[in-house]
Amino acid sequence: MRQLIDSLAFNLLLVGYATGNDETKNPVIDGANRAAAALLGYGTHELSGLALEQILAPASLTLCRAALARAGDRESAECFEAELLARYHSFPALVTVSTLPSPRSDFGKALLLIQAIDPANDFLVMRRVIEQSASAMMVTDASGRIVYVNPRFSLLSGYAEAELLGQTPSLLQSGKMSAQDYQDLWRQLTVSGEWQGEICNRHQTGREYWVAESISAIKDSLGNTTHYLAVAEDITGRKTVESALAESEQRFRQMADLSGEWLWEQDPKGYYLYSSIAVEQILGLTPTQIIGKHYTELLTAQDQQAHVDLSSSQQSFHALVNHYRHRDGHPVITESTGLPLLDADGKLVKWRGVDRDITARMQYQNALIESEKRTRLIIESSINAIVIMDADGIVTDWNRRAEQMFGWSAESAIGRRLEHLIIPLRFRAAHRNGMRRFLETGNGTILNRQTEQVALRRDGSEFPVEISVAPLKLGDSYIFSGFIHDISGRKAAERQIRQAQVELAVAQNELKIAQQIQAGLSPAAPLKTGEFEITGVCLPADKVGGDYFDYFYRDGGRLDIVIADVSGHSIGPALFMVETRSAIRMKSSTEAGPEAVLSALNRFLFNDLNRADYFLTLFYLQVDPERRQLHFANAGHPPPLLFNRHSRQFTELDADGLIVGLRQDVCFERKSVELAEGDLIVLYTDGLVEAENAELGFFGLDRVKSEIAANADLPPQAIIDGLFGCLRRFCGSEKFADDITVLVFKWH
């Protein structure tokens, strides 16, 4: 055998390594063939007995140790890239680790195949490309069984390679795709050898994600399909954006339909593409009757001539007065605003705009001109400040509300320039320029629409107002009527609402964080073996609670069970639970007993708990299935109940020890008991026994014991369900004042 290995051209090393508790010892080379010795620059006798760290760089040695540690769990060899340290130089190589049968349970044998890496080797380059690709890749055999996934695929799906190998892609199905969709996929793949499309899959955690996937058949030299290659790109973000855009478009349509204003879109030539339902109220026509018509078809003959060039001008327009004829014949006047939408090259794509029915307002303004008495009555009784000025900016009318709002009497204001009365100094130049531009061109930026401005009082203070200014032509000149509303109160309310919204969002985000933290603390599923079964349930009093439980295996096959209760609720206790869980899990890797774990935990958490004014009760239980023993320690937690199903007797598992966080140095007592067949252990927090009903009576420990004894022959989850059902009936409620956590351990 030795001669056969020496005669092989492969570079082979025989390695011995410790298993079990001695895995920290360095692997040692037991032998090497001539090819390997020559590759490393040694004689075969020189390599024998040499520590593996002498020929592997530190990072490569770590990879090799990990491969050896996993060797017993894998049926196939494991391969990794490494840096080898030859006698006179170092070089990259591909190392394949294969285990060999060993008569000893504490010592293993492995064969290392070394292949020096040639940078020009296309196979190795391609392997690196696939392994390091940013695209997720999966290969199946001809029957659809997964034979390979690259690291990106595992990251995308959440499944480890070992979990996917041998499975079919149906493992990833989310249920969003119909059976017909998958049948069509395979039909096209069978016919053409290729398929491309979008698929909704389910992550290992249960969440859904979208991929753009391309599947190709891989054929041998005879043209037979041997494998299928799937390349997937994560498009979840894009699908989310598309969904958001669709929802945004739907919201726009709904808001348009709810609005009393006529919202519309026109193509570059002025033909309607879209119309909101408000057109039916304004013109008596349905949106279907509007779409496809040219905008001039709806105008009166006078306006058709005046507005014929609007669509080709590519200039936005504001407060444009349009005259229409309603379907029933009465005249309609609207105030129109339009905006041209241009592409990146400046080409007009379409128009978007809105028409507001101002028929009543225009009729009202005409009535004011015809009747000074009616005008005066309306002006003086208005809740808004009404100010009228001439084309020179001189105030000609000033109602009582304007007197109250600005502090100037009508006698003091009339005859003075408006800008000196209510316009802050920094805005006066813009006011004069706007007046001049309107008188010269007929265009005004703030005319015939409602805007928010800053106004000035007589005492020099400034305040926000809502103002609409309408020009009216009298002969060869204009007068301007302004309707002004003090919005100081509304602005203050808006600021308060925004602040409240921010504070609410922060509070909701904090609660969400705390919920996520707490959801990750407890085990995700019950633990069931041939010897025992354990499960637990936590009912938080609010969205975030202060209880915590855990159960996990540690070295030697022992089971650790923890239940704890931090004072208070919300994010603070949730964070202490994270810290507690991390400390316990870290300590569980040692051989420490429950009393040592509690002592170390108390020292670790003391300063944090003391500063935050919190404390923690905790019960720590270790189960030794082999010896059928329980070892436990207690830090001020309610003692668990041990129920012997043969004697029908309860025993409280208690030991001396203070609450965590009260004193820095605490000695915790350790106790042990023997497990008997059918024993049942119930761990709980004080919220269970202290739950109150409407008569302020406590649920109490006696009811807990009675319910446990009645259901002792049931599985742990059924025992918990029965206990909570009894509690809800007693309290007459689904919610409780304190967090309630219950764990049930059942020894078969």
(Q) Between S336 and V321 (side chain of the first, backbone of the second, donor and acceptor by atom type, cut-off under 3.5 Å), is there such a pair? (A) no

Q) Has R327 got more than 12 heavy atoms of other residues, nucleotides or ligands less than 6.0 Å from its CZ? A) no

Q | From CG (L418) to CZ (R428), nearest 0.5 Å | A | 10.0 Å

Q. Is the backbone N or O of V279 less than 3.5 Å from a side-chain atom of W264, with the two atoms forming a donor-acceptor pair by type?
A. no

**Q.** Side chain proximity check, T451 to R449, heavy atoms < 4.5 angstrom
**A.** yes

Q. Quick one: side chain to side chain donor-acceptor pair (under 3.5 Å) partners of Q173, sequence neighbours excluded?
A. none

Q: Using the side chain to side chain contact (heavy atoms under 4.5 Å, CB included) rule, pick out the option among M362, H318, E261, R361 that qualifies with E335.
A: R361

Q. Got a salt bridge between E462 and R426, using NZ or NE/NH1/NH2 to carboxylate O under 4.0 Å?
A. yes

Q.
Has H326 got a side-chain atom pairing as donor or acceptor with G284's backbone, closer than 3.5 angstrom?
A. yes

Q.
Using the ring-ring contact (aromatic ring centres under 6.0 Å, His included) criterion, which residues pair with Y478? Sequence neighbours excluded.
A. F438

**Q.** Minimum side-chain heavy-atom gap L156-N201 below 4.5 Å
**A.** no

Q: Not counting sequence neighbours, which residues clear side chain to side chain donor-acceptor pair (under 3.5 Å) with Q315? List them please.
A: none

Q.
For Q180, I'd like to know if atom CD has over 12 heavy atoms of other residues, nucleotides or ligands within 6.0 Å.
A. yes

Q) Taking all atoms of both residues into account, what is the closest heavy-atom pair of L456 and I423, and its distance? A) CD2-O, 4.0 Å

Q) Who passes side chain to side chain donor-acceptor pair (under 3.5 Å) against K293, sequence neighbours left out? A) none

Q) More than 12 non-hydrogen atoms from neighbouring residues, nucleotides or ligands closer than 6.0 Å to CD on Q281, yes or no? A) no

Q) Tell me, which pairs form a salt bridge (charged side-chain N to carboxylate O under 4.0 Å, His left out) where one or both residues lie in residues 410-423, sequence neighbours left out? A) R417-E419, E419-R432

Q. Does any N or O in the side chain of S192 come within less than 3.5 Å of the main-chain N or O of E194, such that one atom is a donor and the other an acceptor?
A. yes

Q) Can you tell if the side chain of Q363 reaches within under 4.5 Å of the side chain of I333, non-hydrogen atoms only? A) no

Q: If the plane angle is over 60° it's perpendicular, under 30° parallel, otherwise tilted; pick one for H294 and Y271.
A: perpendicular

**Q.** Polar contact flag, side-chain donor to acceptor under 3.5 angstrom, Q188-D184
**A.** no

Q. Considering residues at least two apart in sequence or located in another chain, which fulfil the side chain to side chain donor-acceptor pair (under 3.5 Å) criterion with H485?
A. N384

**Q.** D267 side-chain N/O to K269 backbone N/O, donor-acceptor pair under 3.5 Å
**A.** yes

Q) Hey, is CD on E452 packed in by over 12 heavy atoms from elsewhere, all under 6.0 Å? A) yes

Q.
Strictly below 4.0 Å, N to O, side chains only: are R238 and E233 in salt-bridge contact?
A. no

(Q) Would you say that P340 contacts S316 through its side chain, given a criterion of any heavy-atom pair below 4.5 Å between the two side chains? (A) yes

**Q.** Smallest separation among heavy atoms of V395 and A413, with atom names
**A.** CB-O, 3.7 Å

Q. Are the side chains of L421 and W398 in touch, meaning some heavy atoms are under 4.5 Å apart?
A. yes

Q: Kindly indicate whether the side chain of I422, heavy atoms from C-beta on, has any atom under 4.5 Å from the side chain of I484.
A: yes

Q) Given I358 and N448, is the side chain to side chain contact (heavy atoms under 4.5 Å, CB included) satisfied, shown in steps? A) CA-CA 10 Å; I358 62 170; N448 292 314; over 6 Å; no

Q) Between E403 and R400, is there a side-chain N and carboxylate O pair less than 4.0 Å apart? A) no

Q) Are the aromatic rings of Y295 and W351 close, with centres under 6.0 Å apart? A) no

Q) Are the side chain of D357 and the backbone of W262 linked by a donor-acceptor contact shorter than 3.5 Å? A) no

Q.
I'd like to know if the side chain of Q304 reaches the main chain of L299, judged simply by a donor and an acceptor atom lying under 3.5 Å from each other, with no hydrogens or angles considered.
A. yes

(Q) Walk me through whether M435 and F480 qualify under side chain to side chain contact (heavy atoms under 4.5 Å, CB included). (A) CA-CA 10 Å; M435 284 283 293; F480 301 88; 3.9 Å; yes

Q: Identify the two heavy atoms, one from S154 and one from A160, that lie closest to each other, and give their separation to 0.1 Å.
A: OG-C, 4.1 Å

(Q) Before you tell me yes or no, could you show the steps for S174 and Y209 under side chain to side chain contact (heavy atoms under 4.5 Å, CB included), namely the whole-Å CA-CA distance, both residues' side-chain angles and the distance that decides it to 0.1 Å? (A) CA-CA 9 Å; S174 65; Y209 66 95; over 6 Å; no

Q: Show the numbers, then the answer: is there a side chain to side chain donor-acceptor pair (under 3.5 Å) between T168 and S170?
A: CA-CA 5 Å; T168 65; S170 62; 2.6 Å; yes

(Q) Return the CG to CG distance between L283 and D355, rounded to the nearest 0.5 Å. (A) 8.0 Å

Q) Do you see a donor-acceptor pair shorter than 3.5 Å between the side chains of S461 and R457? A) yes

Q: Using the ring pair (Phe, Tyr, Trp, His ring centres under 6.0 Å) rule, pick out the option among W195, W186, Y148 that qualifies with Y228.
A: W186

Q) Side chains of L185 and I199: does their closest heavy-atom pair fall under 4.5 Å? A) yes

Q) Are side-chain heavy atoms of K176 and E208 found at a separation under 4.5 Å? A) yes

**Q.** Exam field: side chain D328 to backbone H330, donor-acceptor pair closer than 3.5 Å
**A.** yes

Q: Determine yes or no for a side-chain-to-main-chain donor-acceptor pair under 3.5 angstrom, with T225 supplying the side chain and K219 the backbone.
A: no

Q. Looking only at heavy atoms, which two atoms of S157 and L164 are closest? And how far apart?
A. OG-CD1, 4.0 Å

Q) Does D397 reach the main-chain N or O of I388 with its side chain, forming a donor-acceptor pair under 3.5 Å? A) no

